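Below is one structure, written out as structure tokens, with a few remarks after it.
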Amino acid sequence: MNLPILSIILLAPLLAMALILFVKEENSRLIKSIALIGSGISFLGSIYLVLAYDYHSAEFRWVEQWFEVPGWGIQFILGVDGLSIPLVLLTSIIIFSGVLVSQNLKFRVKEFFALLLLLVAGAYGVLLVLDLFFFFLFYELAVIPMFLLVNIWGTGNKTYAANKLTLYLLAGSGLVLFGFFILYFVSGLNTFNLKDMLELASFSPGMQKGLFILFLIGFGTLSATWPFHTWSPDGYASAPTAASMLHAAVLKTLGAYGILRVAVALFPEGAHYWQWLMLSFGVINILYAALCVIVQKDLKYIVGYSCVSHMGIVMLGIGTLTQAGLNGAMFQMFSHGIMTALLFASVGYIYEAKKTRNLDDLKGLFKEMPKASTFFILAGLTCLGLPGLSGFVAEFLVIYATFSVSYVFGSLALLGLVLSAIYILRILKSSFWGVPSDKSTAPVGVDHNWKTALPQYILFSFLLLLGICPMILIQFISQTSIVLLRGY
Amino acid sequence: MWFYSVETFLVLASLFFFSWSLRKEVHLTLFHKLVGWAGFLVLLSALFSFDFRGVFFQEVYVMDGFSQLMKVILVLGYFITLFLAQEVKDVDGKHQPEFYLFLTTSTLGMVVLVSAKDLITLYTALELASYSLYLLIPMRSNGKGSAEASIKYILIGIAASGIMVYGFSLLFGLTQTTYLNEIAAQLPLLYQMPIFWVAFFFSLAGFFFKLSFFPFHAWTPDVYEAGNTQVIGFISTVSKIAGLSVLIRFMLLAGETAHVLDDVWVAIAIATMTIGNLSALIQKDLKRLLAYSSIAQAGYLLVGVLCISEKGISGAIYYAAAYLVMNLTAFFIISQLSKNGNNVPTSAVKGLFKRSPLLALTLLISFFALAGIPPLAGFTGKWFIFSAAVNSGYNVLALVAIFNSIISLYYYLMVVKDAYSDEGIEAGGLEPIRLKPAYQIYCYLSIAVLVVTGFFPHLFMSLTKQSIAVFF
């Protein structure tokens with residue numbers, strides 16, 4: 001029997017959400033278990049995908065076709081390939097650990113988990129569907145719940161942050177929407193079906209240049225490309241932990257996924273024409289955001305900006321338009337997702353315990369909360385590219401590819417990595433390993449027990465696994481990058 | 001068999017309400033029950049007469065796929081309005097039968113309007129629809145400035161209808177006929193004459209007024225603020241859709257020749273959307289906010305219509321139907337929020353999720369649908385309309401429309417945020433709202449409709465495709 005495995009992955013969180021809506025608010029344990037089961041089913045499904053995928057072929061697998069809108073070229077069609085499978089796995093890891101992280105939540109539990117599951121269903125949808133109408137539908141579905149998540153469960157200047165985040169992302173998606181219509185019109189295939197478009201459509205050079213820049217900026221806004229990145233640190237600083245984990249790890253990756261899936265795959269000439277822009281965006285992202293981190297005092301802003309800086313590596317890797325570069329970019333998408341999620345999870349835990357995120361108040365934290373600090377430190381080390389952890393592999397591949405394209409961009413990117421080492425070590429030295437000041441009024445934190453540490457263990461094990469045997473992931477990716485670069 | 005058509009049932013319903021209005025004492029509880037059933041019977045008859053086809057009265061009255069589909073949509077709006085108007089708190093008890101009488105005659109006018117193929121029938125039907133509405137606005141007993149607004153409404157309405165009659169007379173002078181088909185047959189000669197386009201535009205003025213397109217939009221916010229919430233819900237949806245159907249008929253009869261005036265259509269669409277959305281940003285009263293939002297929504301509808309393509313028109317019909325549900329639901333929420341039918345400021349939605357979770361969810365869904373957020377019907381409709389615009393080559397227009405809908409997100413989202421955030425709730429402002437079981441069912445139904453038709457648009461699109469097949 002053929003199970004519709006992709007539909008199961010997509011529907012599990014939606015069904016869980018629908019169930020949660022009918023549970024009474026007081027019954028919060030039941031709500032949490034439903035959320036855990038829903039995300040767990042998707043997790044199992046995506047592990048099955050990873051194990052069963054034959055990475056020698058780059059075709060779309062498990063294609064399911066449900067219905068179509070006659071005359072409009074809209075079909076509900078699902079399918080995955082080597083580009084989407086790792087990201088599906090990433091999404092399911094993050095949502096599973098995100099739900100685990102939120103087990104202590106007490107405030108408006110029902111709505112929180114409903115929105116979180118809606119968000120993740122949107123993310124799955126974007127990765128699984130092969131039709132531009134539903135791609136866009138799920139894309140916005142993933143963006144909108146964040147507005148309420150920040151507004152209700154957020155901290156600090158949350159209304160401002162939520163508005164900024166939502167309006168930026170929707171403005172970006174407006175460009176994408178316009179691009180999709182043009183794509184439908186110019187391709188002449190009368191279909192929004194991406195699979196058909198990838199196989200059949202060809203575009204004139206002028207059109208490729210125009211459309212490529214449209215999608216680069218539209219999707220780039222979501223992946224926090226400079227100068228459209230400012231929503232990101234504000235948004236993440238205000239968002240609740242699980243939401244910022246998901247958003248930073250998965251939604252930003254969706255932006256990069258969109259660039260690869262639509263822009264790079266369909267417009268080779270456009271990509272060549274705008275290569276310099278992608279490289280510059282990448283390098284500026286890395287350097288500018290790294291410099292921003294150095295002056296931050298708030299742990300969440302630090303993570304937010306370092307996340308922007310790391311998305312620069314993805315953009316740089318895509319911009320090289322070489323196989324090594326694309327491999328690196330996709331590797332980075334995965335590794336960055338896990339790493340950022342781990343960072344946000346640790347910061348969230350520390351904030352819960354200490355009620356402060358200010359570096360000065362956290363001096364000497366390592367002695368007080370050794371386990372919680374260790375997770376942050378491990379994620380930080382991935383961030384600065386320590387060999388043996390996954391960050392190193394990604395950064396190595398991208399920098400290597402960049403040097404093969406241009407020495408200038410390569411050296412600048414390398415400088416960015418030095419900067420990231422500086423800011424991470426500075427935080428560790430001055431605050432985690434620092435001497436506590438007498439003025440600090442923060443309460444004494446309670447360290448992890450095995451339950452609260454579980455999501456962090458899950459996340460870290462993936463960082464370590466991929467750092468030691470990167471081939472697990474690369475074998476998925478490299479076949480895809482060959483296909484993506486077919487037209488180059 | 002023709003006896004069972006929706007027109008007959010509307011006449012019967014208005015006679016029924018008329019007989020009630022003659023009574024000295026009105027037993028309101030019984031009456032309200034009967035109102036709901038009367039509306040339901042009319043809706044059934046509309047569904048029953050969906051397949052009716054024919055031409056009547058020397059070809060001035062036609063029942064084709066298009067008119068019958070639009071009638072179903074209009075009568076659905078009428079039914080929802082009656083159903084939700086079971087608790088009209090701000091109309092005097094003894095005037096209530098008249099209230100429903102005029103709603104019914106107005107709907108009758110609109111139903112005739114979508115079938116009319118002759119200028120005189122068109123005009124009569126439009127006036128029947130409009131005059132009933134003019135009377136409904138001042139009926140509100142506690143509306144501040146309702147006299148001012150109703151006079152404004154009547155004056156602008158009559159001016160628009162005067163311009164329209166002038167346009168009709170020019171058309172007649174040019175073609176010596178009042179039949180739309182015969183006018184359309186003479187188009188190849190006519191469209192080279194500038195005077196024909198003057199006549200064409202003047203003829204549409206009355207419908208522009210109904211749809212509150214740009215030069216005729218100024219009455220909207222004041223009237224919406226002054227009128228009874230249920231009536232305004234009716235005016236903002238049913239009456240707009242009636243205007244839209246006539247506009248579609250005119251445009252389709254003009255066919256390709258209407259493209260001569262593309263610049264004008266595009267300018268009107270852009271102005272309508274932009275003015276509506278920008279003005280809505282600063283509104284403090286929920287009804288005024290929805291007034292400006294409805295101006296903008298009409299602009300989106302025009303984007304679909306001006307393509308004059310199969311895609312554009314069917315997209316516009318889909319969007320109109322979706323708009324009917326989401327806007328009526330939005331007005332339903334306003335009527336539930338206000339205790340005695342008074343207007344409510346936007347801050348009144350604060351903490352709604354505590355007062356009534358179901359109502360808050362309904363508000364979220366209907367406002368998100370208005371904002372065009374997937375997977376709701378409002379999003380799918382916008383997708384259809386904008387993609388039709390790009391398909392017909394209106395790239396700039398589509399881009400402007402997309403960015404307009406992003407601007408509009410701001411004010412819709414702020415209302416939703418207020419409903420779900422628990423900050424700034426005034427003490428004592430948190431008494432729970434209890435919905436009647438019937439209204440709870442309505443909430444669930446409207447949520448289901450907006451989600452299901454949004455995600456599975458093919459269910460409805462095949463209907464519209466059939467219905468406009470007459471034209472293409």
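This is a predicted model, so every value here is computed, not measured. In the text below, chain A, chain B and the rest are named by the order of the sequence lines, each starting its count at 1.
Using a 4.5 Å cut-off between heavy atoms, L399(B) touches chain A through backbone and side chain atoms alike. Contact of F455(B) with chain A is made through backbone and side chain together, with heavy-atom distances under 4.5 Å. In this structure, the portion of L364(B) lying under 4.5 Å from any heavy atom of chain A is its side chain and not its backbone. At a 4.5 Å heavy-atom cutoff, the contact between E111(A) and chain B is made by side-chain atoms alone. Only the side chain of K158(A) has a heavy atom closer than 4.5 Å to any heavy atom of chain B. Using a 4.5 Å cut-off between heavy atoms, Y420(B) contacts chain A through both its backbone and its side chain. Looking at T159(A), the atoms closer than 4.5 Å to chain B (heavy atoms on both sides) all sit in the side chain, from C-beta outward. The part of I152(A) that comes within reach of chain B is its side chain, from C-beta onward, which places non-hydrogen atoms under 4.5 angstrom from that chain.
The aromatic ring centroids of F181(A) and W383(B) lie less than 6.0 Å from each other.
Among Y184(A), W72(A), F185(A), F178(A), the residue with the largest count of heavy-atom pairs under 4.5 Å with chain B is W72(A). Ranking F180(A), W66(A), Y139(A), F67(A) against chain B, the residue ahead of the rest is F67(A), based on heavy-atom pairs under 4.5 Å. Looking only at heavy-atom pairs under 4.5 Å with chain A, the residue among F384(B), F386(B), F403(B) that has the most is F384(B). With respect to chain B, the highest number of heavy-atom pairs below 4.5 Å among V143(A), L141(A), L175(A), I144(A) belongs to I144(A).
In this model, a donor atom of one side chain and an acceptor atom of the other lie less than 3.5 Å apart for Y412(B) and S293(B). A donor atom on one side chain and an acceptor atom on the other are not found under 3.5 Å apart for T362(B) and Y444(B). Side-chain contact of Y300(B) with N404(B): a donor-acceptor pair under 3.5 Å is absent, judged by distance alone. Side-chain atoms of E64(A) and S7(A) include a donor-acceptor pair closer than 3.5 Å.
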Check: After noting the C-alpha distance and the side-chain angles of F136(A) and F379(B), does the key distance pass the ring pair (Phe, Tyr, Trp, His ring centres under 6.0 Å) rule?
Finding: CA-CA 10 Å; F136(A) 190 82; F379(B) 162 76; 5.8 Å; yes
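Remark: L11(A) CG to I8(A) CD1 distance equals 8.5 Å, nearest 0.5 Å.
Checking each of I248(B), V305(B), L463(B) against I317(B) for a side-chain contact (heavy atoms from CB on, under 4.5 Å) leaves exactly one that passes, namely I248(B).
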